[in-house]
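One-based numbering, in listed order, for ligands and for the atoms of each.
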Amino acid sequence: MNKTQINKLSIRIPDDMHVHLRRDQMLINVLPFTAYSFGRAMVKGNFNQRPIIDAGGVENYRNEILTNVDTEFNPIMSIMFVKSTTPRTVAEANEAGARVLALIPGKTSTGSDDGIALTELKKYYSVLKTVCQKKMIFSIHLELVETPEGNAIKEPERERLAIPFLKQIIKDIPGLKIVAEHVTTKELINFIKQAPDNVSATLTAHHAVLTRKDVFNEKGKIINPHNYCKPVAKTKKDRLAVTKAMTSGNPKFFFGSDSAPHPISKKMGDNPPAGIFSAPVALPLLCEIFDRKGKLNGLENFVSRFGARFYNLPLNRGKITLVREKWIVPFEYAGVGIFKAGETINWSIED
Ligand code: DOR
């Protein structure tokens, strides 16, 4: 018997538990896309200049976001875990409203120059203990860029080789709430599944649809810079693990877009920066992924409930409606290339 096709889906207003909104004119350009689809977003402050690392930064950045948004949208503030971070910085930032300490280890990605290395984490356990005491969240970009001996690790291996560091933190600081961000490998997904309840992960929409072949040629050269992000998309097996975890109904996995805009001019240059601008397509694309798996009824849990529950936040009030209506993704907005440009997406957000 044929199942009746669902053509309209109303869900509670969702959360994006990991986004890069940038600052100044870029923020003004990209923020409306996130605020249109999401009620809240965990905002990262990994800027090369003026990174968000303390209470003052949190206040400034929150004000900048709120001044530039005219819908109901609440940023969930974070500070970056850098070499100067102390228990005191964390406590003060928490007083100013930060709920998250976010680590992008040095040399791993955009704006991570000052990020501490995974191999140095032990020196900062007093910081992580404060995060735990304050009931904040430790958000971690889990990639190991070089071995303890200083040998470079190839991009596809970096996430898998970082798992022992996560294991160690879980053991040494029991109860610390940890989110492994934008998880891309079957190995890390399996690890998260069996980890204690205080450990969870965000998953992006792009890692559920891309493999390495959408980004690089056989020689490892980037062929589509708009699909290039960190951690890089991996194999078909990994992509399948991401979509399965996403649609599994396991509350350990929730949505974080990792939408990360960069100007087209830089993306098309010799050394394109990592980051995929997915905010304009994120929610319709997720709907399409859940639809393809016959799991539309699970979308609300993944985007609107599980993240809020882990963050100990009330659920958003109000609904957003998705309709089965095709649209073609525009190529760019304000000089930033949009993920899936030129492709058709089968679901739209109802006005
Ligand atoms: O691809 C990425 N881009 N990954 C990150 O971790 C950072 C982000 C950015 O800020 O551009």
Donor + acceptor pair across side chains of T344, K326 (<3.5 Å): no
- request: Report the residue from F339, F73, Y333 that forms a ring pair (Phe, Tyr, Trp, His ring centres under 6.0 Å) with F33.
  value: Y333
query: Below 4.0 Å from any atom of ligand 1, is there a heavy atom belonging to T108?
result: no
- prompt: What do you reckon, does H18 put a non-hydrogen atom under 4.0 Å from ligand 1?
  reply: no
- line: Nearest heavy atom to atom 6 (O) of ligand 1, choosing from E181, E143, H141, belongs to H141
query: Is it true that the side chains of N190 and Q194 contain a donor and an acceptor less than 3.5 Å apart?
result: no
field: Distance (rounded to the nearest 0.5 Å) between R324 CZ and I6 CD1
entry: 8.0 Å
query: Is there a heavy atom in H262 that sits closer than 4.0 Å to ligand 1?
result: yes
field: Electrostatic pair E350-K8, nearest N-O below 4.0 angstrom
entry: yes
query: Given the side-chain rings of F302 and F290, with only the six-membered ring counted for Trp, is the space between their centroids under 6.0 Å?
result: yes
message: Among all protein heavy atoms in this structure, tell me which lies nearest to atom 1 (O) of ligand 1, with the distance rounded to 0.1 Å.
response: K230 N, 2.8 Å
message: I276 versus ligand 1: do any nitrogen or oxygen atoms come within less than 3.5 Å of each other?
response: no
message: To check your reading of the model: name the closest protein heavy atom to atom 7 (C) of ligand 1, its residue, and the distance in Å.
response: S109 OG, 3.2 Å
message: Taking E146 first and then K107, would you say they form a salt bridge - that is, a charged N and a carboxylate O separated by under 4.0 Å?
response: yes
message: I'd like to check which ligand 1 atoms, numbered from 1 as shown, lie under 4.0 Å from a non-hydrogen atom of D258.
response: 4 (N)
- prompt: Identify the closest protein heavy atom to atom 3 (N) of ligand 1: which residue and atom is it, and at what distance?
  reply: A274 O, 3.1 Å
- request: Examine Y228 against ligand 1 and note whether any of their N/O atoms are separated by less than 3.5 Å.
  value: no
- prompt: Would you say ligand 1 has an N or O under 3.5 Å from any N or O of C229?
  reply: no
message: Can you tell me if N271 has over 12 outside heavy atoms packed within less than 6.0 Å of its CG?
response: no
